[in-house]
Amino acid sequence: MSALIQALKTAGAAAVTALFNTEWKSEDILINQTKPEFEGDYTLVTFAIIKVARLKPEEAGQKLGEYLVAHNSDLVTGFNVIKGFLNLHINEKWWQQFILNNYNNTTYGIKAPNHTKVMVEYSSPNTNKPLHFGHMRNIYLGYAVSEILKANGYDVIKANLVNDRGVHICKSMIAWQMFGNGATPASTGMKGDHLVGDYYVKFNNAYKQEVETLVAGGMTKEEAEKEAPIMKATQEMLRKWEAGDPEVRELWSTMNGWVYEGFFKTYARLGVDFDKMYYESNTYLLGKTLVEEGLRKGVLFQKEDGSVWIDLTADGLDEKLLLRGDGTSVYITQDLGTAVLKYNDFKLNQSVYVIGDEQNYHMKVLKLILQKMGEPCADGIYHLSYGMVELPTGRMKSREGTVVDADDMLDEMVALAKEESEKAGKANSFEAEEQNALFDIIGMGALKFYLLRVDPKKKMIFNPEESIDLHGFTATSVQYTHARIRSVLNNVLGGAAFNTEGLTLSLPLEKLEKELLLHLEQYPMILESAGAELNPAHLCNYAYDLAKLFNTFYGAHKVAAAENEEKKNLRIMLCQMTAMTLKNSMKMLGISVPERM
RNA sequence: GGUCCGGUAGCUCAGCUGGAUAGAGCAACAGCCUUCUAAGCUGUAGGCCAUUGGUUCGAAUCCAAUCCGGAUCACCA
């Protein structure tokens with residue numbers, strides 16, 4: 001909550017209670033920022049109050065306004081009433097205090113630790129192909145949410161559960177054995193994840209061909225898909241892997257090693273990291289003991305063939321299988337086990353899973369089962385569900401070669417940043433080293449912002465033909481505004497520290513100055529709601545709005561050549577606070593802002 | 001078919017715990033660089049907030065129904 005809004009609610013509630021002989025709570029006071037076409041800063045909406053007061057809206061507003069000015073003059077100095085809207089003027093002394101308290105507060109909006117442990121699991125890739133554009137939404141979301149939760153005082157553990165075993169992994173391995181001729185990242189100069197990904201593609205091609213041949217020989221498609229030699233070999237390899245065959249395990253760890261090397265290069269470029277890695281090869285057998293326990297407790301039941309189920313029909317869902325008749329586990333079984341493992345590893349209060357919305361049902365079932373089994377980890381589980389990133393032609397499909405590769409995308413963004421810099425006449429302004437670092441900051445920022453500015457739960461469409469814009473509602477615009485402010489401050493202060501001792505500020509405030517202040521004061525509230533809703537898009541909107549407001553202010557008022565010294569001081573502090581808030585809010589998104597650009 | 005999610009300007013999206021005349025960006029058009037960074041600013045144009053009904057002093061926002069689009073409902077992961 002914004003401190004100012006909170007103060008107004010408290011004062012408003014006290015006023016209603018005193019004036020109209022009724023108990024009124026501060027949370028029942030509705031405060032909105034006053035619309036620009038009316039006079040005032042914040043508006044108290046009185047419609048709910050007039051029912052109790054038994055007055056006309058204008059009279060109730062008038063009485064409330066008078067009361068507030070009389071009893072809370074430190075906060076409210078004036079008002080006007082239009083129908084049920086009581087428009088309040090905030091005491092400029094309040095703003096003066098706000099500025100002096102916060103102009104140099106680098107942790108503005110950041111909360112003290114609340115000792116709540118929350119794990120954020122994100123990325124969680126398969127090790128048979130490189131990361132693509134769709135993964136990037138997941139990765140940026142997970143990282144941003146982690147940062148936002150940290151700023152809200154949570155103790156965050158960033159986790160990555162790697163899907164490093166299974167048929168799909170064996171497919172790449174088989175293809176490499178068959179067609180690889182011993183190729184390695186070193187011998188080919190390829191990034192390991194891309195090399196392995198290529199063999200995954202080679203598998204699919206070879207498989208398709210074998211199936212076609214078999215079908216031509218008179219087999220049905222279904223039979224052919226089972227009988228294709230390369231598929232049989234893959235299944236045999238999976239059996240050997242599970243039996244711990246040293247040769248298969250050796251190849252497996254070698255190829256996975258290549259992939260990890262590639263992944264971590266990409267993660268580094270994306271600017272993300274993890275506190276804890278989980279590997280499915282270590283966790284895929286978990287959950288069986290849990291199932292046994294569930295059977296004992298009577299939460300689960302066994303069918304004649306020995307398979308174990310849970311009945312969720314009472315919750316509007318189906319019966320769900322947890323263990324096959326032969327005693328092997330299914331996907332959800334290991335997820336149950338892993339949920340408990342995570343909980344025990346860190347004594348978690350909450351566990352956030354950043355996973356696409358195609359798994360909504362799965363996650364719902366997972367949580368429900370754990371709840372029914374009485375597992376303490378159950379209630380803290382939260383599925384941060386996000387929509388697919390689609391191309392204008394539909395979903396990305398690796399089989400059709402329509403995936404946008406993550407590494408390619410990053411290269412393209414840096415190239416775009418360079419191109420746009422040249423277009424704007426900014427290239428070659430700095431040393432080459434700074435210039436290149438800048439292209440990186442701009443390119444990466446634009447991409448992150450683009451993927452984070454949309455509400456996670458909405459699916460989004462990315463058109464590679466129209467490259468990501470660096471104008472308008474973008475990180476670039478925010479970055480530029482930050483650099484612009486730094487430049488202004490440099491000009492005014494010349495690198496010297498700003499001394500606020502004995503300073504008085506110029507009052508009254510200009511309209512645009514006040515709008516900036518109103519917005520700055522709301523930052524903690526935005527950070528809080530982004531955390532509560534696990535939605536980084538709020539911060540994208542906030543940062544861009546703030547930048548835009550500043551640019552409007554910048555166009556209308558001078559800092560260096562302000563009307564007088566007091567005005568100049570005020571504006572210097574406004575600049576400082578705006579730059580700081582832009583920087584902080586972008587940091588929450590994993591985006592850095594340059595000192596100049 | 002059941003469940004869940006979405007439908008707001010030509011396009012991409014805000015706004016959704018009910019409040020004043022629904023906002024940005026892109027694209028289009030017209031302006032603004034001898035004065036702090038023009039990757040910016042100002043203005044014009046663009047809307048039956050999918051449809052219909054309901055609740056309310058008041059609905060893009062809540063409820064119901066309908067229509068479109070998507071996801072999901074495996075002894076796959």
Side-chain angles (χ1 to χ4, degrees), chain A residues 27 30 32 34-35 37-38 43 45-48 50-51 57 82-85 87 126 163 165-168 280 284 303 305 307-309 315-318 320-326 328-335 356-362 364-365 385 387-388 390 392 394-395 417 420-421 423-426 429 442 446 450 453-455 457-463 466 469-481 483-492 537-538 540-542 544-545 547-548 550-562 568 571 575 596-597:
Chain A
E27 58 260 37
L30 177 60
N32 291 331
T34 304
K35 304 241 167 204
E37 53 271 32
F38 300 97
T43 297
V45 183
T46 60
F47 287 107
I50 59 177
K51 279 187 189 161
I82 297 166
K83 291 187 282 184
F85 301 97
N87 300 320
N126 294 340
N163 186 336
R165 48 140 253 124
V167 195
H168 51 299
E280 276 194 17
Y284 81 108
K303 289 194 176 173
D305 64 354
S307 58
V308 180
W309 299 73
D315 300 276
L317 307 174
D318 296 322
K320 190 88 189 167
L321 177 92
L322 295 185
L323 227 48
R324 295 187 184 104
D326 62 6
T328 56
S329 43
V330 289
Y331 183 49
I332 198 150
T333 320
Q334 51 175 298
D335 267 5
D357 61 7
E358 73 273 12
Q359 295 206 36
N360 284 356
Y361 180 77
H362 173 82
K364 196 171 163 185
V365 169
S385 165
M388 210 51 74
E390 292 181 6
R395 286 172 81 158
E420 288 291 318
S421 287
K423 225 186 273 179
K426 304 273 183 180
S429 312
I442 295 169
Y450 181 87
R453 69 185 193 185
V454 180
D455 187 329
K457 69 169 173 281
K458 289 196 178 184
K459 69 174 185 194
M460 56 185 303
I461 295 166
F462 169 65
N463 187 351
E466 304 164 15
D469 209 327
L470 301 188
H471 303 269
F473 183 26
T474 61
T476 315
S477 183
V478 178
Q479 289 167 327
Y480 176 74
T481 306
R484 171 184 255 179
I485 297 172
R486 285 264 89 94
S487 164
V488 169
L489 286 172
N490 239 2
N491 283 328
V492 182
H538 289 320
C540 293
N541 285 309
Y542 175 83
Y544 178 69
D545 285 347
K548 193 164 170 53
F550 180 85
N551 285 326
T552 303
F553 161 80
Y554 174 87
H557 300 293
K558 303 264 182 264
V559 178
K568 186 167 147 186
R571 289 182 185 159
C575 283
R596 49 182 197 157
M597 69 186 271

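A note on names: the letters A, B, ... follow the listed sequences, proteins ahead of strands, and every chain is numbered from 1. Note that this is a predicted model, so its numbers are computed, not measured.
- In this pair, Phe473(A) and Tyr544(A) present their aromatic rings tilted. The plane angle is within the 30 to 60° band.
- Comparing A38(B) with U34(B), their P atoms sit 12 Å apart, to the nearest whole Å.
- Looking at the side chain of Ile461(A), the nearest of the listed nucleotides G40(B), U12(B), G6(B) is U12(B).
- Nucleotides C26(B) and A22(B) place their P atoms 22 Å apart, quoted to the nearest Å.
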(request) Report, as a single string ordered 5' to 3', how protein heavy atoms within less than 4.0 Å touch nucleotides 19-24 of chain B: B base, S sugar-phosphate only, - not at all. (result) BB---S
(request) Can you check each nucleotide of nucleotides 71-77 of chain B against protein heavy atoms at under 4.0 Å and return B for base, S for sugar-phosphate only, - for none, in 5' to 3' order? (result) SSS-BSB
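- Residue Gly555(A) is classed as having no contact, given no heavy-atom separation below 4.0 Å to the nucleic acid.
- Distance check on atom C1': A50(B) versus G6(B) gives 12 Å, rounded to whole Å.
- Close to C13(B), at under 4.0 Å from its OP1 or OP2, lies no side-chain N or O of Tyr450(A).
- For Lys83(A), the NZ atom sits in a loose shell: 12 or fewer heavy atoms of surrounding residues, nucleotides or ligands are nearer than 6.0 Å.
- Between Asp335(A) and His362(A), the closest side-chain pair of non-hydrogen atoms falls below 4.5 Å.
- U12(B) and G7(B) are spaced 12 Å apart, taking the P atom of each and rounding to whole Å.
- Checking C36(B), U12(B), G40(B) against every side-chain atom of Asn551(A), the shortest atom distance belongs to G40(B).
- When the C1' atom is used for both A28(B) and C67(B), the distance is 33 Å, rounded to whole Å.
- Among the atoms of the strands shown, only primed sugar atoms or phosphate atoms (P, OP1, OP2) are found under 4.0 Å from some heavy atom of His538(A).
- Rounded to whole Å, the separation between the C1' atoms of U17(B) and C62(B) comes to 10 Å.
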(message) Dot-bracket, 5' to 3', for RNA chain B please: Watson-Crick or G-U pairs under 3.5 Å, [ ] where pairs cross earlier ones, | where the partner sits on another strand, dots elsewhere.
(response) ((((((((.[[[[.)...(...]]]].(((((.......))))).....[[[[[..)....]]]]])))))))....
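- Between Asn491(A) and U37(B) there is a side-chain N or O to OP1 or OP2 distance below 4.0 Å.
- When heavy atoms are screened at a 4.0 angstrom cut-off, Arg596(A) is found touching base atoms of the nucleic acid.
- Taking 4.5 Å as the limit, some side-chain heavy atom of Arg484(A) sits within range of a side-chain heavy atom of Asn551(A).
- Thr476(A) comes within contact range of at least one nucleobase, with a heavy-atom separation under 4.0 Å.
- U55(B) and G1(B) are spaced 30 Å apart, taking the P atom of each and rounding to whole Å.
- To the nearest whole angstrom, the two C1' atoms, one in G40(B) and one in G70(B), are 39 Å apart.
- We find that CG of Asn463(A) is positioned 14 Å from P of A27(B), with the value rounded to whole Å.
- In summary, the side chains of Asp469(A) and Thr474(A) do not present any donor paired with an acceptor at a separation below 3.5 Å, with no hydrogens or angles considered.
- C11(B) atom C1' lies 14 Å from atom NZ of Lys458(A), rounded to whole Å.
- Base engagement by Lys558(A) is indicated by at least one non-hydrogen atom pair under 4.0 Å involving a base atom.
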